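Below is one structure; the comments refer to it alone.
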Amino acid sequence: MTVLVTGARGHVGRAVLDALVAAGQDVRASSRDATTLDVPEGVAKVSADLEDPSTLDAALDGVTSVFLYTQRQGIDGFVKAAEAAGVRHVVLLSSSATLEPDAARSPIARLHRLVEEALIAAPFGETLLNPGAFATNVLGWRADIAEGVVRTPYADARIGAIHEQDMGDVAAKVLADGSHLGAALHLTGPEPISFREQAAVLADVLGRPLPVEELTPEQATARMVALGWPPEVPPGVLRAWERTTREPSAVTDVVREVTGHAPRTFRQWVEDHRADFS
């Protein structure tokens, strides 16, 4: 059995890759440009671009299972190529935005749901991973942290930040076992933690004070757009954060149920990424 891991340069893709290698699986790593990939010894590399169907046949040759990032452009071509290659199982990194009450209003939810629906309708099996907030989002604070501060809107928004290795472990377990076909797995960290509390953990682990400066929604939107976010996305994200100041994000025990280990804490994530803030 060969597993193709798309987006292997990303934090989650690399976590999936490492977990599959540790489990002794035959793994093939892909990216738009495979020459840029740094992979464990013995892992094959292949260039694959969902927006270029001509790259997919070689990438999927002999593959039985795929870890797939959400990308609307090219999903129909991927489904066709995967069916032709005899793929039996696709595990999609989707988003918990599709599970939110206002999903119909959310551009993020709509994007992910379109890809989910394409896989659900496909002739092979699918498993949807619906994680909440990624702990790696905190890497976006690095420039502020270098100035000795954390700037964020809704500092008391409480989210279930999840470690990328927990997502990787769940995906690898499901891919290796061929389990949870047709399931949507809501993945979270072990507890809701506010941005203010995250800043305090960072300060403690990094050994320097990090006061929080709260941004207005307008300031936050401007920063997001300046970082390359599509202008239609920040309003929905900010609505979700505002809501969690009153009602913390739901957390689940799905990571433990699938992998047998507890989800990693935010402190563990910071300790694992200490060098990223040096």
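Hydrogens, waters and symmetry mates play no part in the numbers below; they use all other heavy atoms, side chains included. Quick caveat, the model's predicted, so the values are computed rather than measured.
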Ser194 (side chain) donor-acceptor with Glu197 (main chain) under 3.5 angstrom: yes
Between CD on residue Glu126 and CG on residue Leu181, distance to nearest 0.5 Å: 7.5 Å
Listed partners of Lys80 passing side chain to side chain contact (heavy atoms under 4.5 Å, CB included), at least two apart: none
Side chain proximity check, Val87 to Ser65, heavy atoms < 4.5 angstrom: no
Pair listing, side-chain hydrogen bond (donor to acceptor under 3.5 Å, both in side chains) test, anchored in residues 174-187, at least two apart: Lys173-Asp177
Close side-chain approach of Thr136 and Trp269, heavy atoms under 4.5 Å: yes
Considering all heavy atoms, the nearest Ala48-Leu56 contact: CB-CD2, 4.4 Å
Side chain Arg274, main chain Glu271, donor-acceptor under 3.5 Å: no
Heavy-atom side-chain proximity of Val138 to Phe266 below 4.5 angstrom: yes
Residues forming a ring pair (Phe, Tyr, Trp, His ring centres under 6.0 Å) with His11, sequence neighbours excluded: none
Test salt bridge (Lys or Arg N to Asp or Glu O under 4.0 Å) applied to Arg267 and Asp204, step by step: CA-CA 9 Å; Arg267 178 175 290 273; Asp204 186 49; 2.9 Å; yes
Side chains of residues 221-238: which donor-acceptor pairs under 3.5 Å do they make with residues two or more places apart or in other chains?
| residue | atom | partner | partner atom | Å |
| --- | --- | --- | --- | --- |
| Thr221 | OG1 | Pro217 | O | 2.9 |
| Arg223 | NH2 | Asp144 | OD2 | 2.7 |

Leu93-Leu185 co-clustered via ILVMFWY side chain contacts under 4.5 Å: yes
Any donor-acceptor pair under 3.5 Å from Thr64 side chain to Thr2 backbone: yes
Contact list for residues 181-190, test salt bridge (Lys or Arg N to Asp or Glu O under 4.0 Å), sequence neighbours left out: none
Test side chain to side chain contact (heavy atoms under 4.5 Å, CB included) applied to Thr6 - qualifying residues, sequence neighbours left out: Leu4, Ser30, Val66, Leu68, Tyr69
Path from Leu175 to Met1 over hydrophobic side-chain contacts below 4.5 Å: yes
Pairwise side-chain contact, Val3 with Val63, heavy-atom cut-off 4.5 Å (strictly under): no
Test salt bridge (Lys or Arg N to Asp or Glu O under 4.0 Å) applied to Arg243 and Glu100, step by step: CA-CA 11 Å; Arg243 186 170 61 248; Glu100 295 293 336; 2.9 Å; yes
Pro211 side chain reached by Val150 side chain, heavy atoms, under 4.5 Å: no
Inter-residue atom distance Leu128.CG - Ser95.OG, 0.5 Å rounding: 11.5 Å
Asp166 vs Leu187 side-chain heavy atoms within contact, under 4.5 Å: no
CG-OG1 distance between Asp253 and Thr188, expressed to the nearest 0.5 angstrom: 8.0 Å
Side-chain heavy-atom pair Asp57, Asp61 within 4.5 angstrom cut-off: no
Residue pairs passing the ring-ring contact (aromatic ring centres under 6.0 Å, His included) test where at least one lies in residues 75-134, sequence neighbours excluded: none
Salt bridge (Lys or Arg N to Asp or Glu O under 4.0 Å): pairs with one or both residues in residues 111-120, sequence neighbours excluded: Arg113-Glu116, Arg113-Glu117
Test item: Arg14 side-chain N/O and Asp38 main-chain N/O as donor-acceptor pair under 3.5 Å: yes
Inter- and intrachain pairs under salt bridge (Lys or Arg N to Asp or Glu O under 4.0 Å), touching residues 63-78, at least two apart: none
Interatomic distance, Trp241 atom CH2 to Thr152 atom OG1 [nearest 0.5 angstrom]: 5.5 Å
Plane angle bin for His163 and His273 - parallel if under 30°, tilted between 30 and 60°, otherwise perpendicular: tilted
Asp169 and Gln165 side chains, donor-acceptor separation under 3.5 Å: yes
Any residue meeting side chain to side chain contact (heavy atoms under 4.5 Å, CB included) with Thr35, in chain and number order, not counting sequence neighbours: Asp33
Non-hydrogen atoms of Glu242 and Arg246 that approach each other most closely: OE1-NH2, 2.8 Å
Point-to-point distance, once rounded to the nearest 0.5 Å, from CG of Leu50 to OG1 of Thr70: 10.0 Å
Same apolar cluster: Ile193 and Val251, side chain cutoff 4.5 Å: no
CA sep, side-chain torsions, deciding dist, call: Ile75, Leu114, side-chain contact (heavy atoms from CB on, under 4.5 Å): CA-CA 9 Å; Ile75 187 59; Leu114 285 169; over 6 Å; no
Main-chain N/O of Ser47 paired with Thr55 side-chain donor or acceptor, under 3.5 Å: no
Which residues share a salt bridge (Lys or Arg N to Asp or Glu O under 4.0 Å) with Glu51, sequence neighbours left out: Arg32
Side chains of Val5 and Leu20 in contact at under 4.5 Å (non-hydrogen atoms): yes
Listed partners of Glu83 passing side chain to side chain contact (heavy atoms under 4.5 Å, CB included), at least two apart: Pro123
Nearest-0.5 Å distance that lies between atom CD in Gln219 and atom CD in Glu213: 9.5 Å
Ring centre gap for Phe277 and Trp141 strictly below 6.0 Å: no
